[in-house]
Amino acid sequence: MNNPFENAQKQLEKAAKIIDLDKNTLEILKQPKRVLQVAIPVKLDNGKVKVFTGFRSQHNTSRGPAKGGIRFHPNVSEDEVKALSMWMTWKCAAVNVPYGGGKGGVIVNPKELSEKELEQLSRGYIESIRPIIGPYKDIPAPDVYTNPKIMAWMMDEFSKLEGFHSPGVITGKPIEVGGSQGRGFATAQGGFYVLKEAMKKLNKNPKESTVAIQGFGNAGALLAEILTENDYTVVAVSDSRGAIYSTQGINIKKLKEHKINTGAVKDFPNTKNLTNVELLELPVTILVPAALENQITKDNAKDIKAEIILELANGPTTPEADEILNKNNILVIPDILANAGGVAVSYFEWVQNLMNYYWGEQEVLEKLETLMIKAFDSAFKNKEQYNVSMRMATYILAVKRVSSAMKHRGHI
Ligand code: NAD
């Protein structure tokens with residue numbers, strides 16, 4: 001199994017080589033600036049105390065406070081959190097929001113906890129990492145298996161401990177307690193905006209374009225809906241229990257109801273059931289991995305027929321697969337750009353919290369579109385200038401911005 005932190009370091013080294021990055025800067029950027037490990041005791045409903053291990057990694061803060069989600073998952077590890085915090089540094093820099101990169105995680109299966117235990121864990125985690133977080137230090141957000149409800153508990157705990165209302169300490173909150181309009185579908189919406197730009201560059205018409213989406217959750221299902229409303233034909237989708245396919249296109253609104261009723265997308269009327277592996281290899285214009293890491297590997301990359309890959313998931317393509325896709329001239333819009341809509345609207349949420357003045361949905365979406373298009377165009381310019389993949393082009397954009405901030409501030 002690939003070590004995610006080693007992968008992240010390799011990607012950085014590759015970008016550094018292309019731009020001839022100063023060696024000292026590279027040495028600093030290869031490691032997170034700070035990693036905190038915490039022990040969080042939770043009194044279980046059966047009266048026993050269980051101590052959970054958590055982490056918060058701050059990779060770089062030269063462009064601003066650290067920013068990144070909190071993951072509650074049994075497979076959380078220090079290396080995973082360190083890698084994710086480094087990717088957050090690049091993501092924030094790529095879309096030019098004034099943050100560094102951070103990430104947190106707790107080793108836990110939240111599905112095994114009662115609501116009361118989950119609340120204790122969430123509050124306990126914030127209490128333990130409080131010395132290093134805050135609206136001007138490090139601003140967490142949701143990630144895998146954490147959600148707006150958990151963000152509200154965490155914001156409340158921090159505010160209580162500080163002694164004043166502090167909504168800007170965390171983003172992804174419910175609207176009623178300082179969340180932003182548009183945050184719920186920001187990742188899908190941001191992905192849609194960059195896809196639109198990529199389509200223009202390749203002279204493609206949405207009306208003649210088919211899409212396969214792996215993953216029918218927050219990111220994948222919302223993108224499917226946006227795409228069908230904008231003339232694309234979504235021909236295949238999958239979830240953990242299997243995939244469905246129809247060359248005529250899938251009615252996404254009805255599919256959502258089917259998933260609610262049956263718990264899965266498979267067996268949807270007028271579609272053919274496929275395996276998850278088959279979905280990835282369909283002859284479509286656009287393939288959207290929106291589920292897990294390491295889905296496109298050296299074993300299946302050569303069989304992918306899509307012309308554009310929009311990485312809504314984090315890390316869906318292994319470095320070896322990436323080389324094969326590039327050789328086959330497939331335009332891969334990398335995760336740090338394709339799914340950056342989430343952190344972009346998190347930034348808008350934080351700005352609104354600090355001003356205590358709130359925007360309507362239209363205003364948020366206009367700002368998101370401008371920001372995503374700018375990021376895509378800047379990366380695309382690098383792609384042409386350096387003759388590299390869109391992933392490397394986005395890394396170059398980000399690494400240059402971060403190293404330049406480090407230089408200006410005297411961090412190197
Ligand atoms: P989610 O839990 O809402 O949805 C995940 C979906 O993937 C589910 O439908 C699940 O059934 C499906 N899935 C799981 N295993 C699968 C498999 N083997 N094959 C096909 N489908 C499978 O999660 P999400 O929030 O949509 O996140 C998905 C990805 O997008 C993750 O990599 C996440 O890090 C990334 N992402 C999400 C956001 C966001 O705002 N939601 C932001 C940035 C990145």
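Residue numbers run from 1 in the order of the sequence given. Please read these numbers as outputs of a predicted model, since none were measured by experiment. What's counted below: heavy atoms across the whole structure, side chains too, no hydrogens, waters or symmetry copies.
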Within 45 degrees of the axis of the six-membered ring of Phe380 and under 6.0 Å from its centre: does Lys201 put its NZ or CZ there? yes
Any ring pair (Phe, Tyr, Trp, His ring centres under 6.0 Å) involving residues 32-69? Give me the pairs, sequence neighbours left out, ordered by first then second residue. His59-Trp90
Quick check against the 3.5 Å criterion: does Asn300 have a side-chain atom that pairs as donor or acceptor with the backbone of Gln295? yes
Are Arg63 and Arg401 packed together at the side-chain level, in the sense that at least one heavy-atom pair is separated by less than 4.5 angstrom? yes
Which pairs pass ring pair (Phe, Tyr, Trp, His ring centres under 6.0 Å) with one or both residues in residues 246-278, sequence neighbours excluded? His258-Phe268
CG (Asp138) and CD1 (Ile133) are apart, to the nearest 0.5 Å, by 6.5 Å
Restricting to non-hydrogen atoms, name the atom on Val95 and the atom on Ala340 that form the minimum distance, rounded to 0.1 Å. CG1-CB, 3.5 Å
Does Ala152 offer a backbone N or O that forms a donor-acceptor pair with the side chain of Asp156 under 3.5 Å? no
Evaluate salt bridge (charged side-chain N to carboxylate O under 4.0 Å, His left out) for Glu115 paired with Lys149, printing each intermediate quantity in order. CA-CA 11 Å; Glu115 173 106 348; Lys149 182 167 78 179; 2.9 Å; yes
Side chains of Thr271 and Ser246: is there a donor and an acceptor less than 3.5 Å apart? no
Do Ser180 side-chain atoms and Arg183 backbone N/O form a donor-acceptor pair below 3.5 Å? no
With a 3.5 Å cut-off and no angle check, do the side chains of Lys111 and Tyr145 form a donor-acceptor pair? yes
Are any of the side-chain heavy atoms of Trp153 and Ile150 separated by less than 4.5 Å? yes
Could you tell me the separation between the CG atom of Leu397 and the CG atom of Asn96, rounded to the nearest 0.5 Å? 7.5 Å
Ignoring hydrogens and angles, state whether a donor on the side chain of Gln214 or Ser238 is under 3.5 Å from an acceptor on the partner side chain. no
Report yes or no: does Asp239 contribute a side-chain atom to a donor-acceptor pair with the main-chain N or O of Val265 at less than 3.5 Å? yes
Identify, with sequence neighbours excluded, every residue that meets side-chain contact (heavy atoms from CB on, under 4.5 Å) alongside Glu363. Trp359, Lys367
Who pairs with Ser389 by side-chain contact (heavy atoms from CB on, under 4.5 Å), at least two apart in sequence or on another chain? Asn326, Arg391, Met392
Minimum side-chain heavy-atom gap Leu282-Leu274 below 4.5 Å: yes
Can you name the closest pair of heavy atoms from Phe158 and Gly134 and give their distance? CZ-CA, 3.8 Å
Taking every non-hydrogen atom, the tightest pair across Thr187 and Ala219: CG2-CB, 4.5 Å
Less than 3.5 Å apart, which donor and acceptor atoms pair up between the side chains of residues 71-84 and the rest of the protein, not counting sequence neighbours?
| residue | atom | partner | partner atom | Å |
| --- | --- | --- | --- | --- |
| Arg71 | NE | Asp143 | OD2 | 2.4 |
| Arg71 | NH1 | Glu80 | OE2 | 3.2 |
| Arg71 | NH2 | Asp143 | OD2 | 3.0 |
| His73 | ND1 | Asn75 | N | 3.0 |
| Ser77 | OG | Glu80 | N | 3.1 |
| Asp79 | OD2 | Asn3 | ND2 | 2.9 |

Output yes when a side-chain donor or acceptor of Lys305 lies under 3.5 Å from a complementary backbone atom of Asp303, and no otherwise. yes
Contact summary for Gly105 and Tyr125, nearest pair of heavy atoms: N-OH, 3.6 Å
Do Asn382 and Lys400 meet the criterion of a side-chain donor-acceptor pair at a distance under 3.5 Å? no
Test: ring pair (Phe, Tyr, Trp, His ring centres under 6.0 Å). Region: residues 303-347. Which pairs qualify, not counting sequence neighbours? Tyr99-Tyr347
Of all residues at least two apart in sequence or in a different chain, which pass the side-chain hydrogen bond (donor to acceptor under 3.5 Å, both in side chains) check with Lys374? none
NZ/NE/NH1/NH2 to OD/OE distance under 4.0 Å, Glu157 and Arg130: no
Let me have the donor-acceptor pairs involving side chains of residues 28-44, under 3.5 Å, with sequence neighbours excluded, atom names and distances please.
| residue | atom | partner | partner atom | Å |
| --- | --- | --- | --- | --- |
| Lys30 | NZ | Glu13 | OE2 | 2.9 |
| Arg34 | NH1 | Gln58 | OE1 | 2.7 |

Quick check against the 3.5 Å criterion: does Lys67 have a side-chain atom that pairs as donor or acceptor with the backbone of Ile139? yes
Any non-hydrogen side-chain atom of Ile373 less than 4.5 Å from a side-chain atom of Glu369? yes
Say whether, by atom type as modelled, one donor and one acceptor occur between the side chain of Thr233 and the main chain of Gly249 under 3.5 angstrom. no
Nearest 0.5 Å please: distance from the CD1 atom of Ile309 over to the CG atom of Leu331. 9.0 Å
Around Asn270, counting heavy atoms of other residues, nucleotides and ligands shown, do more than 12 lie under 6.0 Å from its CG? no
I need the Leu113 CG to Gln120 CD distance, nearest 0.5 Å. 9.5 Å
Would Glu323 and Lys327 pass as an ion pair if we require N to O under 4.0 Å? no
Do Asp45 and Ser114 have a side chain donor and acceptor closer than 3.5 Å? yes
Do Glu162 side-chain atoms and Ser159 backbone N/O form a donor-acceptor pair below 3.5 Å? no
Go through the side-chain N and O atoms of Tyr395 and Gln11 and say whether any donor and acceptor fall under 3.5 Å apart. yes
Sequence neighbours excluded, the answer for ring pair (Phe, Tyr, Trp, His ring centres under 6.0 Å) partners of Phe5 is none
Please determine whether a side-chain nitrogen of the Lys or Arg among Glu225 and Lys256 lies less than 4.0 Å from a carboxylate oxygen of the Asp or Glu. yes
Going by distance alone, is a donor N or O of one side chain under 3.5 Å from an acceptor N or O of the other, for Thr394 and Lys383? no
Can you name the nearest heavy-atom pair linking Ile170 to Ala141, along with the distance? CG1-N, 4.1 Å
Taking the side chain from Thr146 and the backbone from Ile70, do they hold a donor-acceptor pair closer than 3.5 Å? yes
Under 3.5 Å, is there a donor on one side chain and an acceptor on the other for Lys91 and Asn314? yes
Apply salt bridge (charged side-chain N to carboxylate O under 4.0 Å, His left out) to the pair Arg123 and Glu119, showing each step before the final yes or no. CA-CA 6 Å; Arg123 290 183 184 273; Glu119 181 172 349; 2.9 Å; yes
Who passes side-chain contact (heavy atoms from CB on, under 4.5 Å) against Thr370, sequence neighbours left out? none
For Thr247, all residues meeting side-chain contact (heavy atoms from CB on, under 4.5 Å), sequence neighbours excluded: Tyr245
Atom CD1 of Ile252 and atom CD1 of Ile226: how far apart are they, to the nearest 0.5 Å? 11.5 Å
Below 3.5 Å, can you tabulate the donor-acceptor pairs from side chains in residues 189-199 to any protein atom, sequence neighbours excluded?
| residue | atom | partner | partner atom | Å |
| --- | --- | --- | --- | --- |
| Gln189 | NE2 | Tyr193 | OH | 3.1 |
| Glu197 | OE2 | Lys200 | NZ | 3.0 |

So NZ of Lys298 and OG1 of Thr317: to nearest 0.5 Å the spacing works out to 14.5 Å
Exercise: identify the closest heavy-atom pair between Leu121 and Val108: CD2-CG1, 3.9 Å
Check whether any side-chain N or O of Glu311 sits under 3.5 Å from a backbone N or O of Pro334 as a donor-acceptor pair, and report yes or no. no
